[in-house]
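Since the structure comes first, as structure tokens, the remarks are kept for the end.
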Amino acid sequence: MNKIKVMITDDHAMIREGLKKVLELEDDIEVIAQSGNGQDTINYCLEHQDEIDILLLDVNMPKLNGIQTLEKLEKEVPNIKTIILTIHDEVEYLRRAMELGAKGYVLKDSESDALASAIRAVYNGAVYIQPTMAIYLLNELNPKTAVGKKSFLTKREIQVLKLITNGMLNKEIAIRLRISEKTVKNHVSNIFKKIDVSDRTQAAVYAIKTGLVELSDMDSLK
């Protein structure tokens, strides 16, 4: 099995080591590098960019903070996919990180399986925003798209949409619903068309905005 190669950047050594131990409990994830500040991260990425699949990047760091580091990486090493892992739940940090090319945004108080799901999602080309943060992106959707669309989704499509909102990948949804991954892909495509969105993050925002999924219900979907 080809493992997802992850680099962790955080200025606290204990947090880095804790994350490494937790992530390496997953069969498909391997932590290959660590860094304590933004500048060292940039230097390492420039030298080893072909070896890193996912970069977990803290915001509060010395020398260069996470946002400054992300900005430089997007210019110099754009092929590395970055997930912001932070304590900050303010919309300004989220919006700025996404503008600079971050592919994921996860809070440090998340469960370990949520972080692993985020890593897998981003590795497979998706954008992952923690569902509790996705609500901050409501204004990104045209309010008109949320009116009356719920009734056009089938019962199965609503099930799939709820699981998308919980950060599940197509393979995980297929296992949960006991259907084929191809069938899940078809459902996802139909959902996107019906609710007029282009990615999973927008779909999750739609689900929260229309009341299909309550933020308080997220744990019950796991």
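For the atom pair I173 CD1 and K185 NZ, the distance stands at 12.0 Å (nearest 0.5 Å). With rounding to the nearest 0.5 angstrom, the NZ atom of K194 is 11.5 Å from the CG atom of L161. Atom CD1 of residue I15 and atom CG of residue L56 lie 12.0 Å apart, to the nearest 0.5 angstrom. Considering CG of L115 and CG of L19, their distance stands at 6.5 Å, rounded to 0.5 Å. If you take CG on N190 and CD1 on I195, they are separated by 11.5 Å, rounding to the nearest 0.5 Å. Atom CD in E157 sits 10.5 Å away from atom CG in N186 (nearest 0.5 Å).
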Would you be so kind as to tabulate the donor-acceptor pairs closer than 3.5 Å made by side chains of residues 21-31, with sequence neighbours excluded?
from	atom 1	to	atom 2	distance (Å)
E24	OE1	K20	NZ	3.1
E24	OE2	V31	N	3.0
E26	OE1	R120	NH2	2.6
D28	OD1	R120	NE	3.4
D28	OD1	R120	NH2	3.1
D28	OD2	R120	NE	2.7

Output a table of donor-acceptor pairs, distance under 3.5 Å, between side-chain atoms of residues 79-87 and any protein atom two or more places apart or on a different chain; print 'none' if there are none.
from	atom 1	to	atom 2	distance (Å)
K81	NZ	V122	O	3.3
K81	NZ	Y123	O	3.2
T86	OG1	H88	N	3.0

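Put simply, the side chain of D11 reaches to within 4.5 Å of the side chain of P62, judged on heavy atoms.
Among residues at least two apart or in separate chains, side-chain hydrogen bond (donor to acceptor under 3.5 Å, both in side chains) pairs with a member in residues 38-47 are T9-T41, S35-T41, N37-D40, Q39-N43. Sequence neighbours left out, the pairs with a member in residues 49-68 that pass salt bridge (charged side-chain N to carboxylate O under 4.0 Å, His left out) are D58-K108.
A single hydrophobic cluster is seen to contain both L163 and I191, as judged by linkage of ILVMFWY side chains at heavy-atom distances under 4.5 Å, directly or through other members. Under a hydrophobic-cluster definition in which Ile, Leu, Val, Met, Phe, Trp and Tyr are linked whenever side-chain heavy atoms come within less than 4.5 Å, directly or via other members, I32 and V6 are assigned to different clusters. Cluster annotation: Y93 is not connected to V106 through the hydrophobic network of ILVMFWY side chains, with a link wherever side-chain heavy atoms come within less than 4.5 Å. L107 and I54 fall into different hydrophobic clusters, where Ile, Leu, Val, Met, Phe, Trp and Tyr are joined by side-chain heavy atoms under 4.5 Å apart, directly or via other members. Following chains of ILVMFWY side-chain contacts shorter than 4.5 Å, one can reach M61 starting from L46, so the two form part of one hydrophobic cluster.
The minimum heavy-atom distance between Y128 and A118, with the atom names listed, is CD2-CB, 3.4 Å. Closest non-hydrogen pair, I52 versus C45, comes out as CD1-SG, 3.9 Å. Of all heavy-atom pairs spanning G66 and L57, the tightest one is O-CD2, 3.3 Å. Nearest heavy-atom pair across I8 and R16 is CD1-O, 3.8 Å. Taking both residues in full, the closest heavy atoms of A97 and L70 are given as O-CD2, 3.5 Å, listed atom of the first, atom of the second, then distance. Across every non-hydrogen atom of R200 and A126, the tightest pair is CD-CB, 4.2 Å.
Under the salt bridge (Lys or Arg N to Asp or Glu O under 4.0 Å) criterion, E99 pairs with R96, not counting sequence neighbours. When the side-chain contact (heavy atoms from CB on, under 4.5 Å) test is applied to I179, the partners found at least two apart in sequence or on another chain are R156, L177, T183, V184, H187.
Using modelled atom types, no side-chain atom of S117 and backbone atom of G167 make a donor-acceptor pair closer than 3.5 Å. Side-chain atoms of D199 come within 3.5 Å of backbone atoms of T201 as a donor-acceptor pair (strictly under, hydrogens ignored).
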For this session: Would you check, one step at a time, whether the test side chain to side chain contact (heavy atoms under 4.5 Å, CB included) holds for E17 with Q34?
Result: CA-CA 9 Å; E17 286 301 321; Q34 300 180 36; 3.1 Å; yes

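Within a 6.0 Å sphere centred on CG of D109, heavy atoms belonging to other residues, nucleotides or ligands number more than 12.
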